[in-house]
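Here the structure comes first, spelled out in structure tokens, and everything after it is commentary.
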Amino acid sequence: MISERYNARKCELHWQSVWEQNSVFQAAEDPAKPKYYVLEMFPYPSGRIHMGHVRNYAMGDVVARYKRARGFNVLHPMGWDAFGMPAENAAMERGVHPGEWTYSNIDAMRTQLKHMGLSLDWSREFATCDPEYYRHEQAMFIDFLAMGLAYRKKSRVNWDPVDNTVLANEQVIDGRGWRSGAPVEQRDLSQWFLKITDYAEDLLESLDGLERWPEKVRAMQRNWIGKSRGLLVRFAFSPDKRLKSGQSLDVYTTRPDTLFGASFCALSPEHPISKSLAAGNPDLAAFIRECQQLGTSEEEIEKAEKRGFDTGLKVLHPFDSNWQLPVYVANFILMDYGTGAIFGCPAHDQRDLDFANAYKLDVVPVVIPEDADPATFTIENEAYTGPGKIANSKFLDGLSVNEAMDVVAAKLEKRGTGERQTHYRLRDWGVSRQRYWGCPIPIIYCENCGTVPVPKAELPVRLPKDVSFDKPGNPLESHPDWKYVKCPQCGRDALRETDTFDTFIDSSWYFARFCAPRSSNPTETQATDYWLPVDQYIGGIEHAILHLLYSRFYTRAMHKTGHINIDEPFGGLFTQGMVIHETYRTPEGNWLTPDEVKITGEGETRSAIQIETGQKIIIGPIEKMSKSRRNTVDPARIIEHYGADTARWFMLSDSPPERDIEWTDAGIEGSSRFVQRLWRTLQQGLLIISPIAAPKPDRFGAESNLLRKATHRTLAAVSADIETLRFNRAVARIYEFTNTIVAAVSTADAHKDSGFAWALREALQYLTCMIGPMMPHLGEECWSALGQETLLANASWPQIEQDLLEDDTVTIAVQINGKRRGEITYPRGSSNDVIESLALKLDSVSRTLQSKEVRKIIIVPERIVNVVI
RNA sequence: GCCCCUGUGGCGGAAUUGGUAGACGCGCUGGAUUCAAAAUCCAGUUCCCGUACGGGAGUGGGAGUUCGAUUCUCCCCGGGGGCACCA
């Protein structure tokens, strides 16, 4: 029989409309059913989805559909992280309004996502740039302010002196503005901050309770919070007329044990003492300006060559007032950490060592490894940070590192020149952005009343539509009238805050909004109490720290202000690997998409040209797919050509979901072939299988029993794989199982076997259920072909018969000296004596043993036999 | 620079978490079917020696622990992510 090929395009449209017409995926609270909230990180509407999105949403959809089948009331919503810089860049480059650009992107991407056949509740969709969303953000900010969770302080930004605009770190390239090319400066601006540091300890401790989070994410957050115990040391200055009398230099150190190895002190360029000295010293002022050209990013600062400026000031060593240490201003000292000043111990800190070598300062090792000789142990280009005994440190000599820390801390505390402290690396969250396309900060500045929140009744503070991007800088600032308002308290002329919120705020609570997306309050307790926390959150590993930590904090802040009753937003987290791809740039530095480039040659001779112009292209590093690098691959052609099911299946196959994958469509033919093969096998099977309501036979023949074992074992394995999100393994099991079915269907003998028709129906039905979460359209088509009248999307996950999972015999390998020499099969539960004699009887073993003496036989039942000779 | 992850055939990867390395898929080779092609089916496919039987090597590199290491420990090398204004 020649069966018809599976027509993906026709079937996919059909089932998508059936699901939609029946509102199959619309969720509602149902206290009688256990809930399950599946959420994938919502996308930034860049215009087109790329393969990274397909991977993310295919994974989430498998979980959502699987949990539905398992009887859960599933919430699986979708929305848009719609504020952000790319919309403003589009406005500047193409003159299109950010809102218009964003909404048309949303339309395009929604269509693409719908073609994927995801089990989403689209009735809950929202975009964060909608005033009906961001008004609640404004209301909550006012609540945060009232509760002391928000405050204003001066903070530095990257400033482009030519474009007169604030630059994001991404827009600073080698210390220059990306458009103007002008060296970047740092500027102090008054900005709003949220007090995430209030929760540093809680955010740290609670990580232990997040058992369904990857350990690596918890580790990254722990390091980010960076709790340290150390000592604040007050260095007295040697008298100097540039200082106020009694002024001391406060230094925070986690290594007080190395105090005798100190050879200098260093101040951050932003340190108050640096600034006051600079006022009277043009050379120092110039040096500080140079430091500031590195921009604000920690990466730039730490990678830069270590440089310093000798202030001429001296401090006295706390344990020896005859010992003076020079005080530098140094480019690698961060004002935000500790006190913004350090004492440098070059022997035991690499940065200090680099600095000391550059400025010819002493390098005295004071921690000596156990196996080293203190008399000869020296440090040259590599600092020693390991354990050891203290040396060259007077009364500390011979102590361990920890003992020495205690002794130093105790002595200085007693003297009043030191204080044990706990510090966190975590800084407060700066949320002000000098940009248009974000949520306006609902604050009014009145000369009379000061900082006044916009009354809640007047929310939302809407973004004005009539803005111009002709001038650089924030269009809200230059808007003719938007910022001029009356003070809500005294009615006098006042000014609106023209900064908008960091877009991380938008994504810090959207999961809560999805529970009741049309509520006139930010959240609806009845809905959030039912749905939250998110049971399975899925997104890229690149969000391991910022987004996930901000959300954890924001949830706590919402709890404190009465908007929610939980502290941890995400019960289970899965961080998928990124889809990465090579990057391509023209010699002028313009990014090109993979479509625009032709690659020739291999290895050393590999090169690329731009298809349109024939010009040679620079092949850049392999990076995560992103709009800004243009290294994205649009799934549209793949979906159009092969169908959404094939695209989904392909993305789930092969690679473990947490691993990065370099995009290639090699192998997609295989996925497509499998779809056809499965459909064909089903067609052939339909001619053999028993009717839908046929009762289960009392007994099964050998062939049928083998098939049933394969069916139930595959189901057990696939269920476990989906529960743990190991989709690639589930795919492999399904391939194997399909091969088994194909073989059974094509074996004439099997058909005569007792109960085979029933066993084959069972196999095909189970197979259909198993592919359903991954290839839902094909699943529905098969389900219907099998004579089912319900939707597979609403069907229950099949039952496993436990007694089909176990065999009565065991096959294990026999090794000689750890090298495999053969295998034996024996009845389950056999004694070690039986196993041993079977193993020794093997030809391959006995042959080797003839000339050798057996020293030991290791038998691990049901695992291995190892004969040691 | 710092923190986190990662490395297995020609390619993506599997290995019950210390117990048969290479499941499954891709690709490739040969064959069947066909007027021909597509599709499909069958066989083979880690590398080296050998017609074969078989033997040896082998999980980025080096050391270690163990009867046994892809798995645990240490050092080194390559790749990716994050570094607070990309999202």
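The chains referred to below are lettered A, B, ... by the order of the sequence lines, with proteins before strands, and numbering in each begins at 1.
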Review point. How do A:Asn739 and A:Lys819 order along RNA chain B: which one's closest nucleotide is nearer the 5' end?
Key: A:Asn739
Exercise for review: Would you indicate what A:Glu300 reaches in the nucleic acid, counting non-hydrogen atoms under 4.0 angstrom: base, sugar-phosphate, or nothing?
Suggested key: nothing
Exercise for review: Answer with base, sugar-phosphate or nothing: what part of the nucleic acid does A:Val860 contact at a heavy-atom distance below 4.0 Å?
Suggested key: base
Practice item. Measure from CZ on A:Arg673 to P on B:A38 and round the result to the nearest Å. Key: 12 Å
Exercise for review: Name the pairing partner of B:U51, where a pair is Watson-Crick or G-U wobble with both distances under 3.5 Å, or state none.
Suggested key: none
Review point. Counting any heavy atom closer than 4.0 Å, what does A:Gly822 reach on the DNA or RNA strands: base, sugar-phosphate only, or nothing?
Key: nothing
Check your understanding: Less than 4.0 Å between a side-chain N and a carboxylate O, is that true for A:Glu736 and A:Arg713?
Key -> no
Check your understanding: Touch check for A:Trp224, heavy atoms < 4.0 angstrom, all strands: base, sugar-phosphate only, or nothing?
Key -> base
Review point. Starting at CG of A:Asn817 and ending at P of B:C67, how long is that distance when rounded to a whole Å?
Key: 12 Å
Revision key, fill the gap. When both distances are under 3.5 Å in a Watson-Crick or G-U wobble arrangement, the nucleotide paired with B:C67 is B:G19
**Study point:** Sugar-phosphate, base or nothing in reach of A:Arg218, heavy atoms under 4.0 Å
**Key:** nothing
**Study point:** Distance, C1' atom - from B:G22 to B:U46, rounded to whole angstrom
**Key:** 7 Å
Check your understanding: Of the candidate nucleotides B:C85, B:A87, B:G82, which contains the atom at the shortest distance from the side chain of A:Phe504?
Key -> B:A87
Exercise for review: Have a look at A:Gln434 and say if it touches a base, only the backbone sugar-phosphate, or nothing, with a 4.0 Å heavy-atom cut-off.
Suggested key: base
Practice item. Give a yes/no answer on whether the side chain of A:Asn223 brings an N or O atom under 4.0 Å of OP1 or OP2 in B:C2. Key: no
Exercise for review: Pick base, sugar-phosphate or nothing for A:Glu299, based on heavy-atom distances below 4.0 Å to the nucleic acid.
Suggested key: base
Check your understanding: Within the structure shown, what part of the strands sits under 4.0 Å from A:Ser653 by heavy-atom distance: base, sugar-phosphate, or nothing?
Key -> nothing
Check your understanding: When you match A:Glu382 and A:Arg351 each to their closest nucleotide on RNA chain B, which lands nearer the 5' end?
Key -> A:Arg351
Practice item. Report the distance from atom CG of A:Asn56 to atom C1' of B:A87, rounded to the nearest whole Å. Key: 13 Å
Practice item. Could you check whether A:Arg435 gets within reach of a base, just the sugar-phosphate, or nothing at all, counting any heavy atom under 4.0 Å? Key: base
Check your understanding: Can you check whether A:Arg659 has a side-chain N or O nearer than 4.0 Å to OP1 or OP2 of B:G13?
Key -> yes
Review point. Can you find an N or O donor on one side and an acceptor on the other, under 3.5 Å apart, linking the side chain of A:Asn866 with the base of B:C67?
Key: yes
Check your understanding: Within this structure, what is the CG-to-P distance between A:Leu652 and B:C24, rounded to whole angstrom?
Key -> 20 Å
Check your understanding: Out of A:Asp721, A:Val731, A:Val718, which one pairs with A:Arg726 under the side-chain contact (heavy atoms from CB on, under 4.5 Å) rule?
Key -> A:Asp721
Review point. Side chains of A:Asp499 and A:Arg433: closer than 4.5 Å at any heavy-atom pair?
Key: no
Check your understanding: Quick one: are the ring centres of A:Tyr510 and A:Phe42 less than 6.0 Å apart?
Key -> yes
Exercise for review: May I ask you to say what A:Ser432 touches in the nucleic acid, namely base, sugar-phosphate or nothing, with a heavy-atom cut-off under 4.0 Å?
Suggested key: base
Practice item. Would you indicate what A:Gln815 reaches in the nucleic acid, counting non-hydrogen atoms under 4.0 angstrom: base, sugar-phosphate, or nothing? Key: base
Exercise for review: Identify whether any heavy atom of A:Met578 sits under 4.0 Å from a base atom; if not, whether one sits that close to sugar-phosphate; answer base, sugar-phosphate or nothing.
Suggested key: sugar-phosphate
Review point. How is A:His543 classified with respect to the nucleic acid when contacts are heavy atoms under 4.0 Å: base, sugar-phosphate, or nothing?
Key: base
Revision key, fill the gap. note: A:Lys303, atom NZ; B:G82, atom P; distance rounded to Å ~ 12 Å
Review point. What does B:A84 pair with, Watson-Crick or G-U, if both distances are under 3.5 Å?
Key: none
**Study point:** Complementary nucleotide of B:A14, counting Watson-Crick and G-U pairs under 3.5 Å
**Key:** none
Exercise for review: Rounded off to whole Å, could you give me the CD-to-P distance for the A:Glu736 and B:G25 pair?
Suggested key: 8 Å
Exercise for review: May I ask you to establish whether A:Arg187 and A:Trp159 are in a cation-pi arrangement, using a distance under 6.0 Å from NZ or CZ to the six-membered ring centre and at most 45° from the ring axis?
Suggested key: yes
Review point. Can A:Trp437 and A:Thr102 be counted as having a side-chain donor-acceptor contact under 3.5 angstrom?
Key: yes
Practice item. Could you please name the partner base of B:G7, counting Watson-Crick and G-U wobble pairs only when both distances are under 3.5 Å? Key: B:C77
Point to revise | G-U wobble or Watson-Crick pairing nucleotide for B:A43 (cut-off 3.5 Å, both distances) | key: B:U29
Practice item. Look at the side chain of A:Asp654 against the base of B:G12 and say whether a donor-acceptor pair falls under 3.5 Å; ignore hydrogens and angles. Key: yes
Exercise for review: May I ask you to say what A:Arg733 touches in the nucleic acid, namely base, sugar-phosphate or nothing, with a heavy-atom cut-off under 4.0 Å?
Suggested key: nothing
**Study point:** For atom CZ of A:Arg726 and atom C1' of B:A23, their distance in whole Å
**Key:** 15 Å
Review point. Counting side-chain heavy atoms from C-beta on, which of B:A87, B:C26, B:C86 comes nearest to A:Ala168?
Key: B:C86
Check your understanding: Considering only heavy atoms and no angle criterion, is a donor-acceptor pair shorter than 3.5 Å present between the side chain of A:Gln191 and the base of B:C85?
Key -> yes
